[in-house]
Amino acid sequence: QVQLVESGGGLVQAGGSLRLSCAASARTFDSYVMGWFRQAPGKEREFVAAISWTGGRTYYADSVKGRFAISRDNAKNTVYLQMNSLKSEDTAVYYCAAKTGTRVVTRESWYDYWGQGTQVTVSS
């Protein structure tokens, strides 16, 4: 069992930045693919970014490419999402997720563990 706890959400003006963190309880954190997803009001949850075990491979949704950056620190059991040039349409609850195996995927059904989410609100 893996517990994931997100932090770093909040209210920010459009054009600003936030860094989300996700702390994992897993003893073998470096064996999990990690992902970030988000769910805006009235919409389905969608993929944002994912990162491989070592951090050598990253994937992004087209809507955040060039603005967001996912990274991980396996020594701290933590994955990050640096969000820059935020837009009002980035407003959502952001979820951290962990997936066993080596394949980096964007489909949420492949992820095994989820955090409770952290709210990000971007004011225009």
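Count residues from 1 along the sequence. No hydrogens, no waters, no symmetry mates; every other heavy atom, side chains included, goes into these values.
The NZ atom of K99 sits 11.0 Å away from atom OH of Y32, with the distance rounded to the nearest 0.5 Å. For the atom pair CZ of R72 and CH2 of W53, the computed distance is 9.5 Å after rounding to the nearest 0.5 Å. Rounding to the nearest 0.5 Å gives a distance of 5.0 Å between CG of L20 and CG of L81. Of the inter-residue distances, the one linking T58 atom OG1 with K65 atom NZ reads 9.5 Å to the nearest 0.5 angstrom. With rounding to the nearest 0.5 angstrom, the OG atom of S52 is 14.5 Å from the CZ atom of R103. Atoms CD and CH2, from E6 and W114 in turn, are 9.5 Å apart once rounded to the nearest 0.5 Å.
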Check your understanding: Given the rule in the side chain to side chain contact (heavy atoms under 4.5 Å, CB included) test, do S17 and Q82 qualify, once you have shown the distances and angles that lead to the verdict?
Key -> CA-CA 7 Å; S17 299; Q82 178 67 44; 4.0 Å; yes
**Study point:** Derivation of the side chain to side chain contact (heavy atoms under 4.5 Å, CB included) call for M34 and F29
**Key:** CA-CA 9 Å; M34 300 299 296; F29 176 73; 3.8 Å; yes
Check your understanding: Going through the distances and angles, do I51 and V104 end up as a side chain to side chain contact (heavy atoms under 4.5 Å, CB included)?
Key -> CA-CA 7 Å; I51 189 166; V104 182; over 6 Å; no
Practice item. Could you check V79 against I70 for side chain to side chain contact (heavy atoms under 4.5 Å, CB included), going step by step and ending with a plain yes or no? Key: CA-CA 7 Å; V79 62; I70 188 171; 3.9 Å; yes
Practice item. Could you go through the side chain to side chain donor-acceptor pair (under 3.5 Å) check for Y94 and R38 one step at a time? Key: CA-CA 4 Å; Y94 283 71; R38 67 186 182 185; 2.9 Å; yes
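Using a distance-only test at 3.5 Å, with no hydrogens or angles considered, a donor-acceptor pair links the side chain of S25 to the main chain of Q3. Looking only at distances, no side-chain donor or acceptor of S109 sits under 3.5 Å from a matching main-chain atom of R107.
The shortest heavy-atom contact between A26 and V2 is CB-CG2, 3.8 Å. The two residues S124 and A14 come nearest to each other via the heavy atoms CA-CB, 4.2 Å. Scanning all heavy atoms of the two residues, the minimum distance from V48 to F68 falls at CG1-CD2, 3.8 Å. The nearest pair of heavy atoms linking T91 to V122 is OG1-N, 2.9 Å. Of all non-hydrogen atoms in V105 and W110, the two that sit nearest each other are CG2-CB, 3.5 Å. Across all non-hydrogen atoms, the minimal contact from A23 to T78 is CA-OG1, 4.2 Å.
Other residues, nucleotides and ligands contribute over 12 non-hydrogen atoms within 6.0 Å of the CD atom of E89. Counting heavy atoms of neighbouring residues, nucleotides and ligands inside a 6.0 Å radius, atom NZ of K43 does not exceed 12 of them.
Taking the six-membered ring wherever Trp is involved, the centroid distance between the rings of Y111 and F37 falls below 6.0 Å.
A heavy-atom distance below 4.5 Å is not found between the side chains of T118 and V93. A heavy-atom distance below 4.5 Å is found between the side chains of W36 and C22. Within the 4.5 Å cutoff, the side chain of T54 has no heavy atoms near those of the D30 side chain.
Under the 6.0 Å distance and 45° angle rule, R45 counts as a cation-pi partner of Y95.
A donor-acceptor contact closer than 3.5 angstrom links the side chains of D112 and T100.
Of the charged side-chain nitrogens involved, at least one lies within less than 4.0 Å of a carboxylate oxygen, so that D90 and R67 count as a salt-bridged pair.
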